[in-house]
Structures are given as structure tokens and as C-alpha cells.
There are 2 protein chains.
Amino acid sequence: MVSGEVARVEGVAGRPQGSVRGAATRALILETAMASFRDQGYDRTTMRGIAQQAGVSVGNAYHYFGSKEELVQEFYAAIQDGHRRRAAQVLSRRDFTDRLRGVLHAGIDEMAPYHSFAGSFVKVAISPSSPSSPFSSESAAARAAAVGLFRDVVDGSDKRPGPLAQELPELLWLAYLGITLFWVYDTSPNQARTRRLVDSTARLASRLVSLSRLPGTRALTDDVRALLADLRHPEAQAAGLTGRPAR
Amino acid sequence: MVSGEVARVEGVAGRPQGSVRGAATRALILETAMASFRDQGYDRTTMRGIAQQAGVSVGNAYHYFGSKEELVQEFYAAIQDGHRRRAAQVLSRRDFTDRLRGVLHAGIDEMAPYHSFAGSFVKVAISPSSPSSPFSSESAAARAAAVGLFRDVVDGSDKRPGPLAQELPELLWLAYLGITLFWVYDTSPNQARTRRLVDSTARLASRLVSLSRLPGTRALTDDVRALLADLRHPEAQAAGLTGRPAR
DNA sequence: CCGCAAAGTTGAACGTGTTCAACTTTGCGG
DNA sequence: CCGCAAAGTTGAACACGTTCAACTTTGCGG
């Protein structure tokens, strides 16, 4: 670091370009919030409580985090990092189903301690206006990383992806989102049902990929590609379709 | 109505077993809330505002509706009713793809006026603790009705559903949920992208059903059935799977 | 060492959803 | 017609997330 220059540290969204002093306070608030989220859940965690426990004023907390939701976003980012770290340990095997299973389980493992908090979590993440939504432009980087993780699952495996090679990672990511949603609702002991669902999903996905390589499924894979294109590109337009008037 | 007996009217959850007097107040509050939701959206609609415009006190509104979210649930139920009504008009054709397309479009048509309100809508519906969640036990009846709607799509069509006959309606309902979620995020003019997605989905679904009737897809359909069973039955246990310890 | 702009920090105040003890109205039993 | 219990109704009060004008601290230029 250049002498005479104030140390700069950036957070997830890089809100205030804080100095080292500010960064320390920021970290303290964040730590306190995380602990409170984990111990008391989202609703019982109050901004006043966080501020008091961190030994700062309420307004100061808002200097570093624009809202309570922004604190949740940090949570979200931390979990995604953890998922990637865990997944790396699992990607040594070659078998496609094993790799997929492993990465999916890794995600559930990472989230497990926060299951009681998941309800509020998903509530924040699902809001279209929220930057932490998995589909928002703000989380484009995180989304790309997550899709990249599933690209690794495919690329490092012994499975030839066939005609859906390009879109397979995205499809797997979508499946992972669905599983995550299921996990949020899963009240079975230790979320055992989600574990079962992961296994079913991995098996089914593997079989579907194999199927897609068979001749005679060209029309089908084309449809899948078209559907995914609709999901993906905001600007894409299908020929001759102008949208249907709302009655 | 028997003379001398207080008229009883029940709402969606049948909260207070109101008399005619209460029912009138209840309806007035509900109407005011609906109008406010439609005109100003969820966030800018305040309980004080509703009460004032309806000419009642805040506390009185809470006598009929336990929370602001409960008002949204009424909204939700009304839309489902409308969907069924619109769908009935579309189920005269025989072609499977047409029927599915029609029912899916009918749902979007019904929701269209409330798109700006959809973000808060889904936020309420997604919360696992919320009774209006599509997966909650409280909405079991509504869920059954919705699945039944897609059963009608299948049953009245010229398509032979094949080995997935039993679970097809549920699968289509899940697809509809996904499309609804997409619609919430869809900011394209008139939600044209969702219209395109509906068409893609109907085409793909039709082809998948045809495919499932082909020989050699038995293992696949078995996997699909297993996955759906995992999704459905809270108590089901797969042989030999005890769930994986969370690290 | 001084001045000063930027960063950090404060706590009162606002509007919100929600609760509740108290009050009023209703309508049936006697 | 008179209680009287149930239903309906009120508005003040509470805790919360959030805002903001004012104040304090920091650290560089001179």
C-alpha cells in the first residue's frame, strides 16, 4: 500500500469507500448482525439491537449498510463463497452423477446452519426489486460464478453433454435454485427430504442428458434451447410473436 | 335464512364469524384495500390509509384482517377464482398444446392488471410460514383446485398421457408456478416475454409427454415419478437413505 | 502547527404495522 | 321491556426500519 494513502476496503456492493477505521466498524457491525441472525433469526434481529451490541449508534449502522436487507445480502454472498469452496473438494471424481450430487449436497451443507433463518432469507432474495435477487443485474457476477460452478461439473466429468452442452450449466443452476427453494420449505429432520431430492435430481439429470444425445430428440432439444433463450434474453424476440393483448 | 338467526358469512380463512353488520364492514375494508393495492401498490398502501378511506378505525380493520398480508391473501384467492373462470372458456378445444397454452395464458391474463403489485405479492406468497404459500397446508384446497385445472387440460385433450398420466397435472402445475415466478420478474412491455415463455413451455410439454410414451424411456419416467414423490410426500422414505449428516 | 474538507458518528424524529384495554352497539333470553 | 354477553369499534401506544441535520474525528496541504 502506498504510504500516505488512506487504506481502502470494499464490501460486496462497495457502498462507502471506507478507510481502515471505517472498515473496522463495518466489520464489527457485520459480525454482530451475522451472529444475531444466526441466534435469533431475521425478525427478532433489530437494527437497534445490532447497533447496541456492536457499541455503535443506529445511524452509524446505516452509514455502512443502507438497509437491513443489505445485511442479508452479505449473508447471501458469504454462503455462495462457502458453496464454491466446498464444491471444489468434491469435484475430484469423474462420474457426472457423482459430481452433480456432490455439488448440490455441498450447497445444502453450506446453508444447513441457517435453515431456521431461510424463510426470511428467501423473502428478501425473491423480491424482484432486491439487488440480492438471483435474477437481478446486480448479482450478475454471482450468478455467473454459480453457473460456472455447474459448468465445471459438466466439463470435468466423463459425460458427453451432447446438443445441450452450452445450456446444460444454466439448466443445472436452475434446478439448484428449485432445490434450494424446496429446502427452504423442508421441515423434515435434518432436511432429509431435500437430500433425497438431490439424489433424485442428479439421477434424473444424468439420464436426461444421455437421452438428449440419442437421435430423434432434435426437436425436443431445440424446444429446450428456445425455452432457455426466452428465459435468458430480455431483448430476444420470437418471429411473428408480438405478445398477446391482456384481454 | 332462518328468521331470528344472525346471518353468518365466512371469508377465505373464516376469521371472525361475522354477522351481516360485520360482513358489510369487512367487505368495505376489503374493497378499499383492493383499490388501494391496485392504484398505489403494496408498499404505498398503509393500514391507516385503508382505514381512513373506508371510514373505520385502524383497530377495526385489524378486527377483520389479522394483518396486512391477510389482505393480500384475499387478493390471491380472488385471482385463482378468476383463473378458473377464464380457463373454462378455453377448454373447448381438443388439442393438448392449445389447451395447455390457453390455460397458461388465462392465468397471465388474470394477473396482468396487478403486475406492478406482483413483487410484494410473491414476497408474501413465498414465505413458508405464510398460509398463502402455494405449498402450505392451509392452501391445500386451492392447490388441489389448481392441479385439478391441469387435470382437466389433460383429460379433455386428444393426447394420451402415457406412463406419467397420474403425475402430469402436478407437473404442469409446477411449470405454471415457474412461469408465474418468471412473470413477476418480467419487465418487458405487456409482459410479452412471459407470453413467449408460455408458448415455448406448451410446445415442450407436449413433446415431452409424447416422448414419455415411447419405449425405452421407462427408467426415465420412473425417475420422474420418484422425484415427484420426493416433492410430494413429507413422510415418504426412500429405502436405505437416512439423510446425510450436515458435515 | 493550523485550516479544512472528507469521513465517521450521533440520537431524535418520522411513518409504518400491530396490539390492546376500554368503550359502544347489537340482539337474544327472560 | 330489561339485562347481558357477544360482536363491533375506537384510538392511543409500542417497537420497528429508516432518515437526517448536526456534531466529532481524521488526516492531508500549507
Side-chain angles (χ1 to χ4, degrees), chain A residues 1-11 14-30 33 36-37 40-73 120 123-124 127 129-130, chain B residues 1-11 14-30 33 36-37 40-52 54-73 120 123-124 127 130:
Chain A
M1 196 169 297
V2 178
S3 141
E5 185 191 17
V6 179
R8 301 281 154 181
V9 190
E10 77 264 1
R15 279 199 111 244
Q17 305 179 341
S19 64
V20 279
R21 171 167 64 118
T25 310
R26 193 195 132 94
L28 176 61
I29 293 168
L30 190 52
S36 183
F37 280 150
Q40 320 194 41
Y42 181 79
D43 287 333
R44 278 211 291 268
T45 296
T46 69
M47 293 302 284
R48 285 171 176 80
I50 293 172
Q52 187 171 0
Q53 199 157 347
V56 300
S57 70
V58 197
N60 198 9
Y62 275 93
H63 179 70
Y64 291 102
F65 302 95
S67 67
K68 194 179 173 187
E69 291 201 359
E70 218 161 276
L71 284 164
V72 179
Q73 289 174 34
S120 319
K123 222 159 137 185
V124 171
S127 182
S129 54
S130 166
Chain B
M1 197 166 294
V2 180
S3 139
E5 185 192 16
V6 180
R8 300 279 156 183
V9 189
E10 76 264 0
R15 280 198 109 245
Q17 305 180 339
S19 65
V20 279
R21 172 166 64 117
T25 310
R26 194 195 132 94
L28 175 61
I29 292 168
L30 191 52
S36 183
F37 280 150
Q40 320 193 40
Y42 181 79
D43 287 333
R44 277 210 293 267
T45 296
T46 69
M47 293 303 284
R48 284 170 179 80
I50 293 172
Q52 185 171 0
V56 299
S57 69
V58 197
N60 198 8
Y62 274 93
H63 179 70
Y64 292 101
F65 302 95
S67 66
K68 194 179 172 187
E69 291 201 359
E70 220 161 274
L71 284 165
V72 179
Q73 290 174 34
S120 321
K123 221 158 138 184
V124 171
S127 181
S130 166

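Order of the sequence lines sets the chain letters (A, B, ...), proteins ahead of strands, with each chain counted from 1.
- The two residues B/K68 and B/T45 have their closest heavy-atom pair at NZ-O, 2.7 Å.
- Rounded to whole Å, atom P of C/dT18 lies 10 Å from atom CD1 of B/I50.
- Residue whose closest nucleotide on DNA chain C sits further toward the 5' end, between A/S57 and A/R48: A/S57.
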Secondary structure of DNA chain D in dot-bracket form (Watson-Crick or G-U wobble, distances below 3.5 Å, | marking inter-strand pairs): ||||||||||||||||||||||||||||||

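- In this structure, the CD1 atom of A/I29 is 15 Å from the C1' atom of D/dG17, given to the nearest Å.
- Comparing A/Y42 and B/A61 by the nucleotide of DNA chain D whose heavy atom lies nearest to each, the residue mapping closer to the 5' end is B/A61.
- Among the heavy atoms of the strands lying under 4.0 Å from B/V56 are primed sugar atoms or P, OP1, OP2 only; no base atom is included.
- To the nearest angstrom, P of D/dA13 lies 20 Å from CE of B/M47.
- For the pair B/F65 CZ and D/dT9 P, the interatomic distance rounds to 12 Å; values are reported in whole Å.
- Between B/S67 and B/Y62 the shortest heavy-atom distance is CA-CE2, 4.0 Å.
- Contact between the side-chain N/O atoms of B/T25 and the OP1/OP2 oxygens of D/dT9 is found at a separation under 4.0 Å.
- A/R44 places its CZ atom 12 Å from the P atom of D/dC16, with the value rounded to the nearest Å.
- At C/dT9, none of the side-chain N or O atoms of A/Y62 fall inside 4.0 Å of OP1 or OP2 (strictly under the cut-off).
- Across the protein-nucleic acid pair, A/Y64 atom OH and D/dT18 atom P stand 18 Å apart, rounded to whole Å.
- The separation between A/E70 atom CD and D/dG17 atom P is 15 Å, rounded to whole Å.
- B/F65 and B/I29 make their closest contact through CE1-CG2, 3.8 Å (heavy atoms, listed as atom of the first residue, atom of the second, distance).
- Comparing A/N60 and A/T46 by the nucleotide of DNA chain D that holds the closest heavy atom to each, the one mapping nearer the 5' end is A/T46.
- Taking atom CG of A/D43 as the reference point, atom C1' of D/dG17 lies 12 Å away to the nearest angstrom.
- Judged by distance alone, with hydrogens and angles left aside, the side-chain atoms of B/S36 form no donor-acceptor pair with the main-chain N or O of B/I50 at under 3.5 Å.
- Counting all heavy atoms, side chain and backbone alike, A/E69 lies closest to B/K123 at OE2-NZ, 4.0 Å.
- Dashed line: the shortest gap from a side-chain N or O of A/H63 to OP1 or OP2 of C/dG8 is under 4.0 Å.
- Counting heavy atoms from C-beta on, the side chains of B/L30 and B/Y64 never come closer than 4.5 Å.
- With a 6.0 Å radius and a threshold of 12 heavy atoms from other residues, nucleotides or ligands, B/Q40 has its CD atom above the threshold.
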